[in-house]
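Starting off with a structure, shown below.
In what follows, chains are A, B, ... by sequence order, proteins preceding strands, each numbered from 1. The figures that follow rest on heavy atoms only: side chains count, while hydrogens, waters and symmetry mates do not.
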There are 2 protein chains.
Amino acid sequence: MDNQLLSFTEENYLKIIYLLTERHNGNEVSTNQLAEHTQTKAASVSDMLRKLAEKNYINYRKYQGVTLTEAGEQIALGVIRKHRLWEVFLVEKLGFGWDEIHDIAEQLEHIDSKELTKRLDDFLENPKFDPHGDPIPDAKGKMPSVSYQKLSEIPLNQSVVMMGVSVHSPAFLQHLDKQQINLGCGLKVLEISDFDKSYSILLDGKTTIFVSNEVAKNLLVSIDE
Amino acid sequence: MDNQLLSFTEENYLKIIYLLTERHNGNEVSTNQLAEHTQTKAASVSDMLRKLAEKNYINYRKYQGVTLTEAGEQIALGVIRKHRLWEVFLVEKLGFGWDEIHDIAEQLEHIDSKELTKRLDDFLENPKFDPHGDPIPDAKGKMPSVSYQKLSEIPLNQSVVMMGVSVHSPAFLQHLDKQQINLGCGLKVLEISDFDKSYSILLDGKTTIFVSNEVAKNLLVSIDE
DNA sequence: ACAAAATTTTAGACTAATCTAAAAATATAT
DNA sequence: ATATATTTTTAGATTAGTCTAAAATTTTGT
Ligand SMILES: [Mn+2]
Ligand SMILES: [Mn+2]
Ligand SMILES: [Mn+2]
Ligand SMILES: [Mn+2]
């Protein structure tokens with residue numbers, strides 16, 4: 001409604017480039033990685049990269065991967081802001097589980113109306129994090145910086161708070177639900193098994209639970225102070 | 001999400017065919033009418049009609065206009081249901097005016113998730129009408145029948161209630177806002193001017209207002225009993 | 001009834017996004 | 001260092017949705 005400058009497809013590419021660049025600490029994203037995340041083939045990605053470079057949304061040197069330009073980053077952050085706000089709506093207002101919302105938000109993130117985004121933000125009382133613990137970029141296009149650590153990198157017996165997840169698959173999230181591991185709960189690693197590197201964790205200072213190494217690597221926490 | 005059988009474009013065509021057929025009391029819709037409402041050219045419409053007929057969503061005989069098949073009507077009603085539910089959301093929850101919501105709902109109506117529609121409906125407390133007074137089809141794909149009359153067809157001094165509008169343009173809706181004509185208010189035609197066929201109307205039994213014939217023809221009312 | 005006007009369809013072309021197969025460039029491994 | 005493997009790009013098609021111009025059909029007016 002406001003300007004529909006870009007197609008859904010272009011928005012998705014820019015968003016994915018942003019998230020993968022972030023994940024690689026600012027390093028270039030490769031064609032194959034994009035093909036995997038866009039569910040297309042490398043040839044299709046090459047075409048799209050040429051187009052996005054032409055429009056000055058990405059920095060692209062053939063065979064060398066891509067990063068976003070300032071313009072591209074602003075588009076990406078706008079899409080991510082909408083995605084995360086809608087996820088908050090789906091969970092807080094409609095009662096969806098955090099494992100059910102991703103695909104719906106994947107569609108809602110492309111709704112084009114500045115005013116809608118602004119009113120939605122206010123309706124949700126200007127949330128700073130989405131239901132997976134990911135920070136929500138502000139209306140100016142600034143991404144808040146957060147410093148979470150993987151639970152697998154925390155020393156034994158250090159009390160931490162569960163802040164986010166680095167994998168968003170329904171299977172993983174449902175697994176956490178079953179073990180009652182939620183955002184905000186207190187965690188303390190009691191022991192790591194020599195046998196399979198699985199974790200014994202004290203949950204909320206009350207119950208002891210066991211999680212695989214794979215799970216521990218994908219729990220994001222911060223030191224409890 | 002659920003099945004994404006149809007493109008946005010196809011959904012829009014089916015919705016428009018439904019609404020125009022309804023407006024013509026079941027008569028066929030012409031290619032040119034569709035071209036006007038889809039903002040395309042007649043040639044493009046012909047192509048799309050061939051395609052929709054092939055998929056059995058419409059009954060189409062060349063040069064004779066189209067109607068929806070049962071399958072096409074179910075798609076159309078699903079889209080209209082979502083459009084109107086989202087309009088209720090925008091007005092009731094986000095505080096938009098009834099003149100600001102159409103273009104946003106035009107996008108939201110294509111979000112594909114049965115579960116989302118169901119939860120949205122419950123969140124809104126299962127509204128039966130949208131902010132323009134239009135009935136909301138139920139989850140089974142049934143459109144409630146309503147019997148509104150144009151204010152211009154009501155005898156003098158008959159008390160009626162404002163139930164809907166037959167034009168949704170922002171300009172018209174804003175005009176009604178300025179005159180404080182809202183859904184649910186009481187109206188009584190006191191006099192029709194010989195000079196320009198404009199109306200003197202008693203509003204809510206209190207104030208007398210004047211509206212043009214053009215306005216009176218687009219106000220939908222029902223007899224107050 | 002029939003010519004003129006209006007409407008609708010067809011023909012042929014274009015753009016966006018995708019694909020497969022082949023060619024080019026880069027990375028890796030002895 | 002150089003052959004082999006991997007990654008990326010290019011070439012050439014395909015599909016959806018749109019367009020303009022021309023042909024076909026229906027409607028209208030006398
Ligand atoms: Mn998306
Ligand atoms: Mn999220
Ligand atoms: Mn629409
Ligand atoms: Mn409406």
Side-chain angles (χ1 to χ4, degrees), chain A residues 3-17 20-21 23-24 27-68 72 75-76 79 106-107 109-110 112, chain B residues 3-17 20-21 23-24 27-68 72 75-76 79 106-107 109-110 112:
Chain A
N3 40 30
Q4 194 57 357
L5 293 157
L6 293 99
S7 66
F8 283 25
T9 308
E10 291 171 313
E11 288 191 347
N12 283 333
Y13 270 90
L14 294 176
K15 181 187 65 168
I16 292 166
I17 294 169
L20 290 177
T21 308
R23 187 182 298 180
H24 303 142
N27 286 318
E28 289 80 6
V29 179
S30 75
T31 300
N32 266 354
Q33 285 174 322
L34 286 172
E36 190 181 323
H37 284 82
T38 54
Q39 315 252 61
T40 63
K41 297 304 163 74
S44 309
V45 173
S46 278
D47 274 354
M48 181 57 83
L49 294 182
R50 193 183 26 66
K51 194 170 92 181
L52 291 173
E54 199 135 296
K55 295 189 183 182
N56 290 308
Y57 292 124
I58 60 174
N59 305 115
Y60 174 45
R61 295 193 341 279
K62 279 181 194 174
Y63 296 98
Q64 307 304 304
V66 294
T67 57
L68 295 175
I75 303 283
V79 175
E106 202 58 43
Q107 300 177 64
E109 71 189 0
H110 303 289
D112 181 30
Chain B
N3 41 31
Q4 193 59 356
L5 293 158
L6 294 99
S7 67
F8 283 24
T9 308
E10 291 171 312
E11 288 191 347
N12 282 332
Y13 270 90
L14 294 175
K15 181 188 64 168
I16 292 166
I17 294 169
L20 290 177
T21 307
R23 187 182 297 178
H24 302 144
N27 286 318
E28 288 79 5
V29 180
S30 75
T31 300
N32 266 355
Q33 287 174 320
L34 286 171
E36 191 180 321
H37 284 83
T38 54
Q39 315 251 61
T40 63
K41 298 304 163 75
S44 309
V45 173
S46 279
D47 274 353
M48 181 57 83
L49 294 183
R50 193 181 29 63
K51 193 170 93 180
L52 291 173
E54 199 136 296
K55 296 189 182 181
N56 291 306
Y57 291 123
I58 60 174
N59 306 115
Y60 174 46
R61 294 189 346 275
K62 279 180 195 175
Y63 295 99
Q64 308 304 306
V66 294
T67 56
L68 294 175
I75 303 282
V79 175
E106 201 59 41
Q107 300 177 63
E109 71 190 358
H110 303 290
D112 180 31

If the condition is side-chain contact (heavy atoms from CB on, under 4.5 Å), which residues does B:Asp47 pass it with, not counting sequence neighbours?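 Only B:Arg50 meet the side-chain contact (heavy atoms from CB on, under 4.5 Å) criterion with B:Asp47.
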Of all residues at least two apart in sequence or in a different chain, which pass the salt bridge (charged side-chain N to carboxylate O under 4.0 Å, His left out) check with B:Glu106?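 Scan of B:Glu106 (salt bridge (charged side-chain N to carboxylate O under 4.0 Å, His left out), adjacent residues dropped) gives B:Lys15.
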How many Å lie between CZ on A:Arg50 and P on D:dT10, as a whole number?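 To the nearest whole Å, that distance equals 8 Å.
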Checking all strands, does B:Ser46 fall into the base, sugar-phosphate, or nothing category for heavy-atom contacts under 4.0 angstrom?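 B:Ser46: base contact, heavy atoms under 4.0 Å.
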Taking side chain to side chain donor-acceptor pair (under 3.5 Å) as the definition, give me every residue that meets it alongside B:Lys55, ordered by chain and number, with sequence neighbours left out.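 Result, side chain to side chain donor-acceptor pair (under 3.5 Å) vs B:Lys55: B:Glu10.
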Identify, with sequence neighbours excluded, every residue that meets side chain to side chain donor-acceptor pair (under 3.5 Å) alongside A:Thr40.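 A:Thr40 satisfies side chain to side chain donor-acceptor pair (under 3.5 Å) with A:Thr38 once adjacent residues are dropped.
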side-chain contact (heavy atoms from CB on, under 4.5 Å) partners of B:Thr9, counting only residues at least two apart: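 By the side-chain contact (heavy atoms from CB on, under 4.5 Å) rule, B:Thr9 matches B:Ser7, B:Tyr13, B:Met48.
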Within the sub-3.5 Å range, which N or O atoms of nucleotides 18-20 of chain C have a protein N or O partner, and how far apart are they?
| from | atom 1 | to | atom 2 | distance (Å) |
| --- | --- | --- | --- | --- |
| C:dT18 | O4 | A:Asp47 | OD2 | 3.4 |
| C:dC19 | OP2 | A:Lys41 | N | 3.0 |
| C:dC19 | OP2 | A:Ser44 | OG | 2.5 |
| C:dT20 | OP2 | A:Lys41 | NZ | 3.3 |

Please table the atom pairs, donor to acceptor, closer than 3.5 Å between any side-chain atom in residues 59-66 of chain A and protein atoms at least two apart or in another chain.
| from | atom 1 | to | atom 2 | distance (Å) |
| --- | --- | --- | --- | --- |
| A:Asn59 | OD1 | A:Thr67 | OG1 | 3.2 |

Return the value, rounded to whole Å, for the distance between atom CG of B:Leu34 and atom P of C:dT9.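 Whole-Å distance recorded here is 10 Å.
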In whole angstrom, what separates B:Glu36's CD from C:dT7's P?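 So the two atoms are 11 Å apart, to the nearest Å.
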side-chain contact (heavy atoms from CB on, under 4.5 Å) involving B:Ala42 - partner list, sequence neighbours excluded: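 Listed in chain order: B:Thr31, B:Asn32.
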Return the residues of residues 53-65 of chain A meeting this criterion: a heavy atom under 4.0 Å from some atom of DNA chain D. Order them by number, or give none.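 By residue number: A:Tyr60, A:Lys62, A:Tyr63.
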If I take atom CD in residue B:Glu10 and atom P in nucleotide D:dT18, what distance separates them, rounded to the nearest angstrom?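 Rounded to the whole Å, the gap is 10 Å.
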For the pair B:Phe8 and A:Phe8, name the ring-plane relationship: parallel under 30°, tilted 30 to 60°, perpendicular over 60°.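 Ring orientation, 0 to 90° scale: perpendicular.
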